[in-house]
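Worksheet: the structure to be examined is printed underneath.
Side chains are part of it too, since the values below use all heavy atoms of this structure and drop only hydrogens, waters and symmetry mates. Bear in mind that the values here come from a model prediction, so they are computed numbers and not experimental data. Protein chains get the first letters and strands the later ones, always in sequence-line order, with residue 1 at the start of each.
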Protein chains: 2
Amino acid sequence: MAATIKDIARVAGVSTATVSRVINNLGGYNEETEKKVNAVAKALGYRKNENARSLVQKSTNTIGVIMPDVTTSFYGDIIRGIEDMSYEHGYSVILTHAGSSGSRILESLNLMGERRVDGLIIVSIELHDAAIDALTSLDIPFILLSTMTNRADTPYLKVDDYAAAYAAVEYLIANNHRVIGMAGANPNDPISGAPRILGYTQALRDHGIKVDLNLIKAGDFSFESGQAAMKSFLEDQAPMTAVFCASDEAALGIISTCFEHGIGIPTDLSVVGYDNSKVSYMSIPPLTTVAQPLYDMGREGCSELMDAVQHKIKIESKVIPHELVVRKSVRSL
Amino acid sequence: MAATIKDIARVAGVSTATVSRVINNLGGYNEETEKKVNAVAKALGYRKNENARSLVQKSTNTIGVIMPDVTTSFYGDIIRGIEDMSYEHGYSVILTHAGSSGSRILESLNLMGERRVDGLIIVSIELHDAAIDALTSLDIPFILLSTMTNRADTPYLKVDDYAAAYAAVEYLIANNHRVIGMAGANPNDPISGAPRILGYTQALRDHGIKVDLNLIKAGDFSFESGQAAMKSFLEDQAPMTAVFCASDEAALGIISTCFEHGIGIPTDLSVVGYDNSKVSYMSIPPLTTVAQPLYDMGREGCSELMDAVQHKIKIESKVIPHELVVRKSVRSL
DNA sequence: ACGCTTTACGTAAACGTTTACGTTGAATGA
DNA sequence: TCATTCAACGTAAACGTTTACGTAAAGCGT
């Protein structure tokens, strides 16, 4: 149905090689033929077939993105960064998500391999050994965003969760808080959970504050886990003046539950979140939070990846700086 | 580098045809050859090349998704629905966004055409004539999600914004509100803006309430436009008891500004949003809003599309039901 | 034993490009 | 004038599959 370069060649009375040259602006033809070929191409409604092109060029100009299936605004920003950057470089992105807690990761990797993506970005998924093996054996350049592994051959780009959590808690301490809770982190998540808890505990210790395990409520970064944590705090009648949350959404859960119980933020309780996602400035009061530069992370990760693809260089793992965004959810005592 | 079926054929001592048959489970070989081929394939680390496959099959098992570049949680849910459904049917999704207010739409369409996607989903983008022409001339089945055009040949799936807005305002009226403002909608947006405003005005009229144009604050569905609207209402000293917002984020903007000015929700002002996006239940108080079933919209739209692709049938435009999700941001007078 | 069907393959063309290499004719230089 | 260069093409192979078609052998019924 669709016209091919053969059709153009026939109609224009030239060879397919010349058509290809004209279409790709490679030179080696005179103006007349160029015009004729272009005219015929337009007349036939020619549209090049990237698949055929990919086949002979052994490169698809495509990058794959694999992400978890949870929808937080978190991923939207990263994706946007990735897509913007890849678009600027003439790449397309093919997207898949890896199921809840990465259950579909192997299928996803396989799919990306079969599609022959030129590069691969994996966002925020904790990779088990089998997955890492599958990933590396694909022999496709890749970068991990907002996650990492304990192996050296898996380059990543992420913020230092430990340091970021430490900074957040230190900020609370600097505002004279001494009884500080923690909520929303999953201690079994070695990527984003444990380091944030560790940053929290270490900051306390370094300032001579005893860590009270009852003040740490585990969760899964969700709004609901924030709500649950706050309810638990209330049951415990925990004497906190502040709570550090492992995500903005969990912080919102805390605030929401406080609202229901007439606890004022930050008058009665100070809250700091994590992510600086879109909800953080829409909350009441606006949330003080640790910023991960999501959009830029997407852009930069994608950029590094494309560099690696095009120049066959290795990607260096990199820690990107966090930043404390002070809004109005923390009170100085 | 990577092994091909030719390599397998050579090593296993069979023809490429047989390899292809085994790999695709087409039958026509005995158990021995099957085992041998599979063994060799595994040994060589064979991975099929979807590109080559697509070339001869004239189908890429791929669907393209084009969306605006704004990141609201809105799109996350739709995408997830699309990706889930397409995954279940063995399709991959290739994603691009069309730039702010669709500026990149023509490039996006062209890209999708060159990639030979089997189907195309366009989310929430207002299409101008040139774009519609480009779209239809692609000759690829497509469906519009949460948008539409004034032409009959562009099937869509969306909620009836007019009816949904009407229902929301009627709900406020049923709760004895009589002075009701409207915020966040762009009257120049014929898809999502104008119909919501129209639903609002018509509901008022139908219940004998005069429409006061000063009570309608235009916006762009954003949090900021909600804030701006509320500030404007305050300057006007508008005597409203309720306000209907064209988006949840705009509603949050209203609420946020009210909070700053000590105006209680819903005690002093009732608010209803639109979308039932994730932020709606995280707000304080939880937001009463008109639900668009985003995830399901993604799923169903994708499903219809794949039906059309596989059975070469036409897609019928469809209006999907909205629903009023009552939470706690409206007070009965 | 004969014809027929079935099974299990192999052969080779086709998909739509790119590209190394060859060819032609004209222009150039001495 | 003749060798050389160069611009402007054309030829054909290659990319990795799928698949229509052919074929040889085996099985089967009578």
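Toward the 5′ end of DNA chain C lies the nearest nucleotide of B/Tyr29, the other residue of the pair B/Tyr29 and B/Arg116 mapping further downstream.
Atoms CG (B/Asn49) and P (C/dT17) sit 17 Å apart, rounded to a whole Å. For the pair A/Leu55 CG and C/dT19 P, the computed distance is 12 Å after rounding to whole Å. Atom CD1 of B/Ile23 and atom C1' of D/dT19 are 15 Å apart (whole Å). If you measure from atom CD1 of A/Ile8 to atom C1' of C/dG16, you get 11 Å, rounded to the nearest angstrom. Here the C1' atom of nucleotide C/dT17 and the CZ atom of A/Arg47 are 17 Å apart, to the nearest Å. One interatomic measurement links the two molecules: CD of B/Glu50 to C1' of D/dC15, which rounds to 16 Å at whole-angstrom precision. Note: CZ (B/Arg115) to P (C/dT17) measures 14 Å, nearest angstrom. When the P atom of C/dC9 is taken as reference, atom CD1 of B/Ile5 falls 16 Å away, rounded to whole Å.
The pair A/Asp307-A/Lys314 does not meet the salt-bridge criterion, since no charged nitrogen lies less than 4.0 angstrom from a carboxylate oxygen. Of the charged side-chain nitrogens involved, none lies within less than 4.0 Å of a carboxylate oxygen, so that A/Asp139 and B/Arg47 do not count as a salt-bridged pair. Using a 4.0 Å cut-off between a side-chain N of Lys or Arg and a carboxylate O of Asp or Glu, B/Arg299 and B/Glu88 qualify as a salt bridge. Salt-bridge formation is detected for the pair A/Glu304/A/Lys318: a Lys NZ or Arg NE/NH1/NH2 atom is positioned less than 4.0 Å from an Asp or Glu carboxylate oxygen.
The phosphate of D/dC9 (OP1 or OP2) has a side-chain N or O of A/Asn30 nearer than 4.0 angstrom. Phosphate proximity of C/dC9 to B/Thr33: present, with a side-chain N or O under 4.0 Å from OP1 or OP2.
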Between N or O atoms, less than 3.5 Å apart, protein on one side and nucleotides 10-14 of chain D on the other: list the pairs.
residue, atom, partner, partner atom, Å
D/dG10, OP2, A/Ser15, N, 2.6
D/dG10, OP2, A/Ser15, OG, 2.9
D/dG10, OP2, A/Thr18, OG1, 2.8
D/dG10, N7, A/Arg21, NH2, 2.8
D/dG10, O6, A/Arg21, NH1, 3.2
D/dG10, O6, A/Arg21, NH2, 3.3

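Backbone-only contact: B/Lys48 has heavy atoms under 4.0 Å from sugar-phosphate atoms and none from a base. Using a 4.0 Å heavy-atom distance criterion, A/Asn51 is classed as making no nucleic acid contact. Within the 4.0 angstrom heavy-atom criterion, base atoms lie near A/Ser20.
In this structure, the side chain of A/Thr147 does not engage the main chain of A/Leu144 through any donor-acceptor pair within 3.5 Å. Checking side-chain atoms of A/Ser54 against main-chain N and O of A/Glu50 turns up a donor-acceptor pair under 3.5 Å.
The CG atom of A/Leu157 sits 10.0 Å away from the OG atom of A/Ser303 when rounded to the nearest 0.5 Å.
Side chain of A/Lys58, nearest nucleotide from D/dT19, D/dC15, C/dT17: D/dC15.
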